[in-house]
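Below: the structure, in structure tokens.
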Amino acid sequence: MKEIPPAYNPQDHEAQIYSIWEKSGAFTPEVPNETPTSAEASERDSGSPSANTAKKPFAISMPPPNVTGKLHIGHALFITIQDIMTRYHRMKGEPTLWLPGTDHAGIATQSVVDKALQKKGTSRRELGREKFVEEVWKWKQQYGDEITRQLRSVGASCDWSRERFTLDEGLSRAVSEAFKRLYDKGLIYQGLRTVNWCPKCHTAIADDEVEYKKETGKFYHIKYGPFTLATARPETKLGDTAVAVHPSDKRYKEMVGKKYMIKGVLGDFEIEVVADNAADPKFGTGAIKVTPAHSLIDFEIAQRHNLPIKQVIDENGRMMQNTGKYAGMKTREAREAIVEDMQKMGLIEKIDENYQHNIAVCYRCGGQIEPIPSKQWFVKMRPLAEKAKKAVESGEVKIVPKRFEKVYFQWMDNIRDWCISRQLWWGHRIPVWYYKQEDQKSKVKNQNDNEKIENPKIYVGTTPPPDPENWIQDEDVLDTWFSSALWPFSTLGWPDEQASDYKYFYPTSVMETGYDILFFWVARMVMMGLELTDKPPFKTVYLHGLVRDEQNRKMSKSLGNVLDPLDVSAKFGTDAMRMALVVGTTAGNDIAVGEGKIKGYRNFSNKLWNIARFVISNIEDGSIQINDLELSKDLKLSKQDEQDIKKFKEIAKKTTEYLDKFQFSRAGEMLYDFTWHEFADKIIEQAKDRLNNGSEEDKRAVLAKLLFILKGILGLLHPFIPFVTEAIWQIIPKTSGESELLISHAWPTYEGED
RNA sequence: GAUCGUGUAGCUCAGUUGGUUAGAGCGCGUCGUUGACAUCGACGAGGUCACUGGUUCGAGUCCAGUCACGAUCACCA
């Protein structure tokens, strides 16, 4: 008899078990032959069951982590939830695909590599585009595997043979194909518009990549011709071209449509008074100065009233040549200088010192955003949003929890066009070429005033133009989220609609991700999926929350409360960590996790191990044949035995129901409770007497019951705690009908047995 | 400012079609265990389910309002 150690030590098992799984091929689903031969077809018609055609496939695309990223507890959470679904459906016999991959993460990766270069005394600009991109690829080769190695250590049973990277050849093809199709439909256009510009990252960013930070600053009330109005940024006054008031504001009724000369620090200038709903009559004096070049709102006002656009700040965040003595100053310096001059001229009425306002910062680098006019590419969102909204309204796409549907609708209703070009080097280069003769300077930005853009002769294609020497490709790359938006289908072979994976697994079953990227990612996937494939890319969206510490604080380095999933799983076991992340949490809500909770589930793993140890040792003590312990055999089960078995079957049924309804916490908690407080504390305790003193026949009956329940529990718990359950499965006596590996075993179900 | 969410035991949270004495883990108290169990078991204390009102035979659960906290969106007028 083999000695089973009295304690379960995860480290003795996990790595080995993972490699057994991986080698077994269990992670890779079988795709049935798409075009069945006539023989196969007739075989199917004749009703002979074929494992893969009988069941519908189940597919999840894994949200791709950043290539250069390091595994954090949030990854561990989504891996756990997705792995639970994957293992559950796989055990149910459905061909199950969980497709992993990584994201090139434009700005993030570029700045990481750039910083590393700067440490070495060089920089991205010094190297030039080509060399720099080579450097980033080297980084990707070197560090890109780290994150996927770490995903394995958390037990992710995903199909590594289908691993993808957003800059792979196939996915890049999908990106340019998508761009071209949208362009041809008029859904992508180029425009000179005021955009959110990050002077630090030196690129435009999308509206939803802007974050707001509270700041206390000065608020200047200035004399402005016949008006008095207030601003926190007097330096933008140099770019003013209008004053806006609300159409219903009686105070200014007679001024609307007239032009006034305004006294300014660089001499007098002319503004027009326009009536626009953007002006709130209740705020301040009800009149606002309009600086179309340096405010997105003002730009929109300018468009509505056909106002001139005057740019005075450049892409480095400095005052431009047309600002006279202020030229070259940073905006903050210029502000002080201008205020001083205005005070001398008596143009300042008063200054509020403690004005609370929000400043726009870049979500990547935290630098202050400087809206400037710039020529960028945009996606026309309205038509896409309408379809995407309908898909959720109709129930074609379900969001769990449901309340996020409202948030989703709100976003869709108030959507603005999406700026997709980025002035970066790392990413998908925009598949647009300009004809050299006509538009050498097509990318010149910062044109003064409202110079119209000449539409250059352009070529949009998935491959370069046939005579490339005459063309020059757009310098910019696409927003990372553009390629992410295609992820559920680009990874399956789209645009090749005949690709077997695409045909078989698309649309995917579930999209599991954090509620924080509902807009960035989920919404855009739905829009792109509907537009490009005519189908929503998934049927259900399951949103999880943020992982917080046990006091419900955000995890941060400065608080020192960051849980490193690799440390945790080394210390308590991956299974314990997984249980801690899943039990006691519900969709869309944040999760509090600390060592105490994880420890509790470490004990649970150990409990389960000892339950098994007890049952196995009792089997091996006797002379009973394993095949004689099957419930189908003639056994003298007591009434109690039958009740216990019935109770267990009820648990199995409920587990299935909970999992089908995405109630992972309830399933996990119920199994925990049953295993420990029912099976161990009652059923096993009561069995002891019969095992020690009962007749052979009675012993056999009890033992058969214990073994039956134990094996069932292992199956039910396997999606949650795959390692211990598999480790136990490896040492438990099995009958000939049972699978060697628990991962490939059938899901415990007893439909129609009673 | 708009919208959404949360408020249940000392702490972290479950409680999804309204139905008997409101649950778990951790923590706490008493006792017992070292022949499955880096422990484990038995028993226990602890709750006006934020507050007010309503619907109902019956409300933690549904409705209205109040308070507190949080999030998202909009905003540098």
Side-chain angles (χ1 to χ4, degrees), chain A residues 4-9 207-208 210 212-215 217-221 229-233 236 244 278-291 294-298 355-361 368-369 371 400-411 413-414 416 515-516 518-519 545-546 548-552 579-580 583-618 658 661-663 665-666 668-670 672-673 676-677 680-682 684-685 687-688 691-692:
Chain A
I4 303 171
Y8 172 70
N9 184 356
D207 292 342
D208 51 8
V210 177
Y212 294 89
K213 217 170 69 187
K214 275 203 181 115
E215 204 184 72
K218 290 179 182 168
F219 199 47
Y220 307 90
H221 298 257
L229 37 79
T231 180
R233 297 195 64 187
T236 63
D280 178 358
K282 280 175 287 199
F283 193 96
T285 58
I288 53 175
K289 63 191 212 59
V290 180
T291 322
H294 301 296
S295 154
L296 271 65
I297 297 283
D298 293 3
Y355 183 65
Q356 279 279 338
H357 60 157
N358 289 326
I359 46 167
V361 294
Q368 191 163 341
I369 295 299
V400 180
K402 203 170 166 53
R403 71 184 137 92
F404 279 97
E405 290 183 358
K406 204 161 184 179
V407 182
Y408 173 92
F409 292 144
Q410 254 170 22
W411 191 73
D413 287 339
N414 299 307
R416 283 202 262 179
Y515 65 73
D516 51 328
L518 180 62
F519 306 138
L546 263 51
R548 293 162 174 271
D549 76 359
E550 63 258 270
Q551 284 150 57
N552 227 349
M579 275 301 264
V583 176
T585 68
T586 41
N589 291 323
D590 292 350
I591 302 159
V593 180
E595 283 208 353
K597 189 172 180 188
I598 300 165
K599 225 178 189 167
Y601 291 109
R602 189 266 323 265
N603 291 352
F604 179 60
S605 297
N606 197 52
K607 184 79 184 177
L608 188 62
W609 178 260
N610 277 288
I611 288 170
R613 195 165 154 243
F614 176 80
V615 175
I616 294 169
S617 67
N618 272 289
Y658 286 147
K661 288 193 283 188
F662 304 99
Q663 296 178 8
S665 171
R666 293 190 78 177
E669 195 182 356
M670 183 185 65
Y672 173 95
D673 188 59
W676 200 315
H677 301 300
D681 290 350
K682 300 204 175 87
I684 288 183
E685 286 305 319
K688 281 181 179 170
L691 286 170
N692 293 332

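First the proteins, then the strands, lettered A, B, ... as listed; each starts at 1.
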Show the distances under 3.5 angstrom between N or O atoms of the protein and N or O atoms of nucleotides 17-19 of chain B.
none

So which nucleotide does [N] pair with, by the Watson-Crick or G-U wobble rule with both distances under 3.5 Å?
N: B/G47; answer: none
N: B/G5; answer: B/C69
N: B/C62; answer: B/G54
N: B/C37; answer: none

**Message:** By nearest heavy atom, map A/Lys406 and A/Asp673 onto RNA chain B; which one lands nearer the 5' end?
**Reply:** A/Lys406
**Request:** By nearest nucleotide on RNA chain B, pick out whichever of A/Trp676 and A/Asn606 is the more 5' one.
**Result:**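 Nearer the 5' end of the strand: A/Asn606.
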**Parallel, tilted or perpendicular: ring planes of A/Tyr672 versus A/His677, cut at 30 and 60 degrees** =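 Aromatic pair A/Tyr672/A/His677 classed perpendicular.
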**Asked** Less than 3.5 Å between a donor and an acceptor, one on the side chain of A/Lys289 and one on the base of B/A77, is that the case here?
**Response** no
**Message:** For a quick test of reading the model: is some side-chain N or O of A/Asn9 closer than 4.0 Å to OP1 or OP2 of B/A38?
**Reply:** no
**Request:** Please state whether the phosphate of B/G25, meaning OP1 or OP2, lies under 4.0 angstrom from any side-chain nitrogen or oxygen of A/His677.
**Result:** yes
**Prompt:** CZ/A/Phe409 to CG/A/Asn414 distance, rounded to the nearest 0.5 angstrom?
**Reply:** 13.5 Å
**Prompt:** Once you round to the nearest 0.5 Å, how far does CH2 of A/Trp609 lie from CD1 of A/Ile4?
**Reply:** 6.5 Å
**Message:** Taking the six-membered ring of A/Phe614 as reference, does the cationic atom of A/Lys688 (NZ for Lys, CZ for Arg) lie under 6.0 Å from its centre and within 45° of its axis?
**Reply:** yes
**Request:** If a protein heavy atom is under 4.0 Å from the base, mark B; if only from the sugar-phosphate, S; if neither, -; do that for nucleotides 7-14 of chain B going 5' to 3'.
**Result:** -----SSS
Contacts under 3.5 Å, N or O only, protein and nucleotides 73-76 of chain B:
residue : atom : partner  : partner atom : Å
B/C75   : OP1  : A/Arg416 : NH2          : 2.5
B/C75   : OP2  : A/Tyr212 : OH           : 3.4
B/C75   : O2   : A/Asn358 : ND2          : 3.4
B/C75   : N3   : A/Asn358 : ND2          : 2.5
B/C75   : N4   : A/Asn358 : ND2          : 3.4
B/C76   : O2'  : A/His357 : ND1          : 3.2

